[in-house]
Protein chains: 2
Amino acid sequence: MKYPSQPRITLLHGDAATELKSLSDNSIDLIVTSPPYADQRKHIYGGISPDLYVEWFLPLSAELLRVLKPTGTFILNIKERVVNGERHTYVLELILEMRKQGWLWTEEFMWHKKNCYPGKWPNRFRDSWERLLQFNKQRKFNMYQEAVMVEMGDWAKSRLRNLSDTDKVRDESRVGSGFGKKIANWLTRDKAFPTNVLHMATECSNRDHSAAFPEALPEWFIKLFTEPGDTVLDPFMGSATTLRVAKRMQRHAIGIDIQEAYVSRAYEELVEQERQLVLLQKREKYVAS
Amino acid sequence: MKYPSQPRITLLHGDAATELKSLSDNSIDLIVTSPPYADQRKHIYGGISPDLYVEWFLPLSAELLRVLKPTGTFILNIKERVVNGERHTYVLELILEMRKQGWLWTEEFMWHKKNCYPGKWPNRFRDSWERLLQFNKQRKFNMYQEAVMVEMGDWAKSRLRNLSDTDKVRDESRVGSGFGKKIANWLTRDKAFPTNVLHMATECSNRDHSAAFPEALPEWFIKLFTEPGDTVLDPFMGSATTLRVAKRMQRHAIGIDIQEAYVSRAYEELVEQERQLVLLQKREKYVAS
DNA sequence: GTTCCGCATGAATCGATAG
DNA sequence: ACTATCGATTCATGCGGAA
């Protein structure tokens with residue numbers, strides 16, 4: 001039996017498209033990332049105009065296509081913002097352009113953010129979902145579906161728990177949903193496969209750093225698309241949620257960020273604390289093995 | 001005070017794009033429809049190839065743009081099918097092309113089909129969500145948000161009893177402008193505005209029509225975008241779910257279907273039962289007033 | 001130790017105002 | 001006219017202190 005080696009954490013400080021050039025072809029099993037959204041987080045990333053978003057992203061996705069293994073998967077968390085009262089179309093255009101690069105648009109998972117930003121506007125309600133686009137290099141890719149199966153009882157229970165009290169109240173006030181009855185049906189089976197809808201709250205007020213997405217999100221995809229010893233990449237690491245989860249799950253991990261503060265913080269948390277350190281200078285490569 | 005007239009049901013038998021030509025410009029307040037999916041329900045509608053879907057749909061959306069009032073809304077329920085292991089891109093292309101026709105892509109609601117039974121294929125899980133695309137003719141359109149407010153969770157009750165200091169402070173800062181006019185909002189705040197994610201179970205067991213369109217779905221949009229006495233159109237009527245709900249809610253309704261069986265069944269249910277009938281021949285116009 | 005309750009805070013959006 | 005900034009709006013969640 002082969003034991004996976006200790007997870008190796010690699011941190012790169014710099015522009016994602018540039019830093020990716022140092023990675024080998026066909027070396028990554030899973031890419032999970034949440035790039036800066038158009039015109040968001042200007043103070044951190046400078047803000048990318050919606051009209052230039054596709055143009056900005058394509059060189060990066062070309063590199064990602066190169067470094068991903070043929071059996072690997074790319075999960076892209078993204079959502080278009082409202083511009084002049086309309087949803088902007090850059091995400092749609094990005095999908096079409098990435099297909100021209102050679103990517104296959106295999107699936108679109110939906111992330112239902114139970115605690116989305118509040119607000120009320122004359123023509124729109126709160127936006128409580130984001131896209132989780134799945135891209136692949138070929139039709140056959142690694143997918144370990146059993147790894148994300150849930151016990152039927154637990155699943156039904158957690159489904160109910162995940163619905164939150166608010167949803168339950170709302171459900172009951174709705175006509176003819178029939179949801180409760182279906183739960184009873186599911187209880188007769190042992191295990192169930194999930195669907196392509198993920199219900200997760202954002203982790204907003206967590207300790208020091210607020211994560212763009214909850215740990216459960218990369219965890220789910222890491223389970224589904226990799227095995228221990230595989231390599232996970234996040235080219236927009238931010239607060240290192242993906243890397244933290246990957247390490248805990250015995251996967252090698254590579255993180256890139258243009259903000260040195262994020263890289264050094266990830267270094268302290270994921271590398272230095274174990275005294276497995278080879279710390280180089282700013283804009284250099286940090287490696288722990 | 002004006003009382004809305006009895007809901008008027010108009011049924012048209014024939015091709016949607018053709019039959020729409022008999023409707024006046026700017027006469028419809030809300031269009032809610034679920035068109036035949038590409039290559040699906042082939043036995044009924046003749047099947048539209050995914051590659052030709054956009055081309056097939058655009059003449060129809062042009063007519064819909066003409067008949068919709070400037071303040072009206074078009075809700076399109078659609079989901080791309082999987083072709084050769086990939087999600088097909090016809091929905092993305094359709095959105096881009098409809099914008100060229102003059103439509104505004106205001107929002108994308110998400111329909112989460114909760115009772116979708118867990119299942120799987122080798123490379124994907126069960127698809128349990130569909131798009132509900134919202135299109136408009138102009139940025140200002142009719143939206144009656146209060147009509148779809150939902151009960152808050154129980155947790156909110158305690159919050160109501162004791163307004164937090166934060167909330168009080170926010171209120172005081174607002175008093176300056178309008179003598180605390182908004183205070184009433186907080187004290188009566190037992191309802192919240194919904195989000196753009198709709199949780200509704202499908203209704204699977206309906207007669208012959210395979211589309212499991214729950215009544216709660218058109219009901220929600222009819223409440224949100226129309227008032228009693230307004231006119232609702234469904235150019236792919238099918239089993240007449242949208243019309244049935246519209247009639248019950250005191251909205252005039254127009255339904256079109258290429259299948260005579262659907263038209264005559266809708267006639268029997270929605271018109272003849274009230275003996276308000278003017279039944280004409282096949283491929284003619286059925287009207288009850 | 002549980003449970004309860006107050007509290008801060010988010011990948012937001014709109015309309016008005018200012019340059 | 002067109003862009004940049006600012007104030008107002010709003011609610012689910014997890015944390016931490018209190019009962």
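Letters A, B, ... are given to chains in the order of the sequence lines, protein chains preceding strands, and every chain is numbered from 1.
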Rounded to whole angstroms, how far apart are [atom1] on [X] and [atom2] on [N]?
X      : N      : atom1 : atom2 : value
A:W129 : C:dA12 : CH2   : C1'   : 15 Å
B:M143 : C:dT13 : CE    : P     : 13 Å
A:K79  : C:dA12 : NZ    : C1'   : 11 Å
A:Q40  : C:dA12 : CD    : P     : 5 Å

Give me the ring orientation class for B:F225 and B:F221: parallel if the planes are under 30° apart, tilted from 30 to 60°, perpendicular past 60°. parallel
Using a heavy-atom cut-off of 4.0 Å across all strands, would you classify A:R87 as base, sugar-phosphate, or nothing?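 Sugar-phosphate contact only.
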Heavy atoms under 4.0 Å, any strand shown: does A:P214 hit a base, just sugar-phosphate, or nothing? nothing
Side-chain heavy atoms of B:F141 within contact of B:L68, under 4.5 Å: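 Side-chain contact under 4.5 Å: no.
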Quick check on C:dG15: is either OP1 or OP2 less than 4.0 Å from any side-chain nitrogen or oxygen of A:K120?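 Checking C:dG15 against A:K120, no side-chain N or O comes under 4.0 Å of OP1 or OP2.
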Below the 4.0 Å mark, does C:dA12 have OP1 or OP2 next to a side-chain nitrogen or oxygen of A:R126? no
My understanding is that a pair needs two contacts under 3.5 Å, Watson-Crick or G-U wobble. By that rule, which nucleotide pairs with C:dG15? D:dC6
With respect to the side chain of A:V82, which nucleotide from C:dG15, D:dA12, C:dT13 is positioned closest? C:dT13
If you count heavy atoms of other groups shown closer than 6.0 angstrom to CD of A:E55, is the number above 12?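 Counting other residues, nucleotides and ligands, CD of A:E55 stays at 12 neighbours or fewer.
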